[in-house]
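Predicted model only: the values in this text are computed from it and were never measured. Numbering of ligands and ligand atoms starts at 1, following listing order.
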Amino acid sequence: MKKTLRLHNTLSRRIEDFAPADPARVTMYVCGPTVYNYVHIGNARPYVVFGLLSRLLRRLYPGVVYARNITDVDDKINAAASAAGVPIDQVTSVYAAAFAEDMKKLGADAPDVTPYATGHIVEIIAMCQRLIATGHAYAAEGHVLFDVPSYPGYGALSGRSTDEMIAGARVEVAPYKKNPADFVLWKPSTPDLPGWDSPWGRGRPGWHIECSAMAEAHLGETIDIHAGGNDLMFPHHENEIAQSTCAHGGRIFARYWLHNGMLTFNGRKMSKSLGNVMLLHELLQKHPPELLRYLLLKAHYRQPLDWSDSAIAQARATLDGWYGALRDLADVELTGEPETPADVEAALLDDLNTPDALAVIAGLATASRQASDRKAAKAALLGAGAMLGLLRADPEAWFKQSSGGADAVDPAEIDALVARRNEARKARDFAEADRIRDELAAKNIAIEDSAQGTRWKVVNPNECSA
Ligand code: AMP
Ligand code: ZN
């Protein structure tokens with residue numbers, strides 16, 4: 001049976017069958033972070049979701065090239081470096097490394113190429129020159145600007161009129177601009193700012209041209225999929241389309257445009273400028289990475305996703321249930337890598353329907369408890385988990401990590417207390433056994449006596465007394 005991947009294409013605003021231009025080399029570009037701080041949990045959403053898409057594409061096609069860039073030249077970086085009193089490349093190298101490490105922890109699929117904007121200045125200058133030569137850009141006062149009216153297709157992705165776009169972008173009115181909507185491809189740098197020699201003097205690129213040049217350098221003129229958050233649709237993606245299409249003689253830039261919805265906090269977009277961010281780096285110190293990953297996959301990628309303490313607690317309870325099912329199957333030995341269940345794959349093929357895929361896992365976890373074929377039940381659960389990047393931990397280890405203040409727990413110390421309690425019970429010293437149970441409860445450790453022995457797990461403080 002031929003498997004068809006269906007994806008929502010922002011260009012048509014419809015779900016379409018995905019057919020790559022060349023099935024032997026499927027290309028995808030995802031706009032990467034601007035590295036001037038730790039990323040927040042909202043920033044992680046596109047990389048988890050579209051990373052999962054890259055994983056799915058690799059199952060369907062023999063060759064996939066996934067590029068995720070690093071924006072390492074930007075005015076926000078310059079401001080952060082000057083505020084901290086450190087060199088600019090110190091800011092970018094620290095936060096690019098932190099980003100890579102945090103993405104790895106979260107299980108966000110690694111791209112095949114990670115282009116850095118500063119590594120593509122030659123290509124950026126060449127693209128500016130091509131745009132000037134073909135009448136789509138002009139130089140003025142050390143700047144190069146894209147001439148928006150020269151590209152009649154401008155606004156097709158976001159579906160905005162020019163007036164709306166000008167108002168929405170709060171475009172800078174500058175004397176060197178021919179039209180208010182024209183945007184910067186290149187701008188002059190003062191000696192204290194990063195800059196490169198160019199035909200227009202020492203300067204640096206604008207943000208949008210960086211992605212156009214990097215996509216062309218690594219993936220070619222026309223790419224299959226371009227993705228990012230829906231906050232980038234305008235002006236960033238609209239400008240990328242204008243630049244790339246005009247630099248490539250009118251050939252289509254990206255055939256499918258995918259946009260994730262925003263992660264919100266108390267209903268407002270999580271964003272550095274609103275000051276309501278939760279840094280991924282800090283969340284990873286408090287919670288198991290799979291819990292964060294689960295939450296990012298729980299909503300459909302095009303929907304908004306509200307982050308809250310209650311969502312975290314609920315996620316913990318769900319994953320505890322699934323890991324509990326796996327722990328009950330601990331005696332079942334499997335050989336080889338378990339396959340992805342067909343209904344999990346079918347859900348993902350349907351415009352990455354992760355809520356449905358997670359519902360399948362929930363069903364498998366429940367069914368496993370009464371399963372007559374326990375081997376098949378365990379294989380299905382692990383196969384589904386592997387596809388989504390979940391259930392990768394050892395169940396015993398899962399229950400021994402806490403959600404919130406993980407470092408406080410020393411498993412060896414807990415094991416010793418549990419052993420002492422069992423000895424007390426054997427000696428029928430119930431007062432001592434109860435005292436140790438209370439001591440454990442004070443450390444947010446709950447114990448459970450079963451036929452297999454005594455198990456312990458870290459729980460929320462209010463769960464302990466239960
Ligand atoms: P930036 O570094 O601001 O360019 O953001 C990196 C990526 O995170 C882009 O794809 C943005 O669209 C995405 N993004 C930013 N804020 C959010 C949010 N609150 N929810 C989901 N995605 C976001
Ligand atoms: Zn971009």
*Please write down residue, atom name and distance for the protein heavy atom closest to atom 5 (O) of ligand 1.*
Asn43 ND2, 3.2 Å

_Residue part near ligand 1, for Tyr47, under 4.0 Å between non-hydrogen atoms_ = side chain

_Using a 3.5 Å cut-off on N or O atoms only, is Met262 in polar contact with ligand 1?_
no

*What atoms of ligand 1 come within less than 4.0 Å of a heavy atom belonging to Gly261?*
21 (C)

*For atom 10 (O) of ligand 1, closest protein heavy-atom neighbour*: Gly229 N, 3.2 Å

_Salt-bridge criterion met for Arg55 and Asp109 (N-O under 4.0 Å)_ = yes

*asked:* Under a 4.0 Å threshold between the charged nitrogen and the carboxylate oxygen, would Arg130 count as salt-bridged to Glu216?
replied: yes

_Any N/O pair Lys269/ligand 1 closer than 3.5 Å_ = no

_Numbering as shown, the atoms of ligand 1 that approach Asn260 to under 4.0 Å (heavy-atom distance)_ = 21 (C), 22 (N)

*So which of Asp231, Thr71, Asn37, Thr34 gets nearest to atom 12 (O) of ligand 1, if we judge by its closest heavy atom?*
Asp231

*Kindly check if the number of other-residue, nucleotide or ligand heavy atoms within 6.0 Å of CZ (Arg13) is above 12?*
yes

*Parallel, tilted or perpendicular: which fits the ring planes of Trp398 and Tyr323, with parallel below 30° and perpendicular above 60°?*
parallel

*Do Pro46 and ligand 1 have an N or O pair less than 3.5 Å apart?*
no

_Could you check whether any side-chain N or O of Thr92 sits under 3.5 Å from a backbone N or O of Asp72, counting only pairs where one atom can act as donor and the other as acceptor?_
no

_Test of geometry: compute the angle SG(Cys211)-the Zn ion (ligand 2)-SG(Cys31) and round it to 10°._
130°

*Those atoms of ligand 1 less than 4.0 Å from some heavy atom in His40*: 16 (N), 17 (C), 19 (N)

*Taking the inter-plane angle between the rings of His143 and Tyr176 on a 0 to 90° scale, is it parallel (under 30°), tilted (30 to 60°) or perpendicular (over 60°)?*
parallel

*Looking at the Zn ion (ligand 2), which N/O/S atom of Glu240 is the nearest one?*
OE2

_For atom 19 (N) of ligand 1, closest protein heavy-atom neighbour_ = Met270 O, 2.9 Å

_Face-on cation placement of Arg68 at Tyr47 ring, 6.0 Å and 45° thresholds_ = yes

_Atom CZ of residue position Arg59 - does it have more than 12 heavy atoms of other residues, nucleotides or ligands inside 6.0 Å?_
yes

*Are any of the N/O atoms in Leu263 less than 3.5 Å from those in ligand 1?*
yes

*Which of the atoms of ligand 1 are close to Leu232, meaning less than 4.0 Å from one of its heavy atoms?*
9 (C), 10 (O), 12 (O)

*asked:* Between Arg6 and Asp17, does any NZ, NE, NH1 or NH2 come within less than 4.0 Å of an OD or OE carboxylate oxygen?
replied: yes

*Under-4.0 Å heavy-atom contact with ligand 1, by part of Lys272 that carries it*: neither

_Best match, Pro33, Gly42, Ser271: closest heavy atom to atom 23 (C) of ligand 1_ = Gly42

_Check the orientation of Trp257 and His226. Use parallel for under 30°, tilted for 30 to 60°, and perpendicular for over 60°._
parallel

*Of all N/O/S atoms in His236, which lies nearest to the Zn ion (ligand 2)?*
NE2

_Lys269, NZ atom: more than 12 neighbouring heavy atoms under 6.0 Å_ = yes

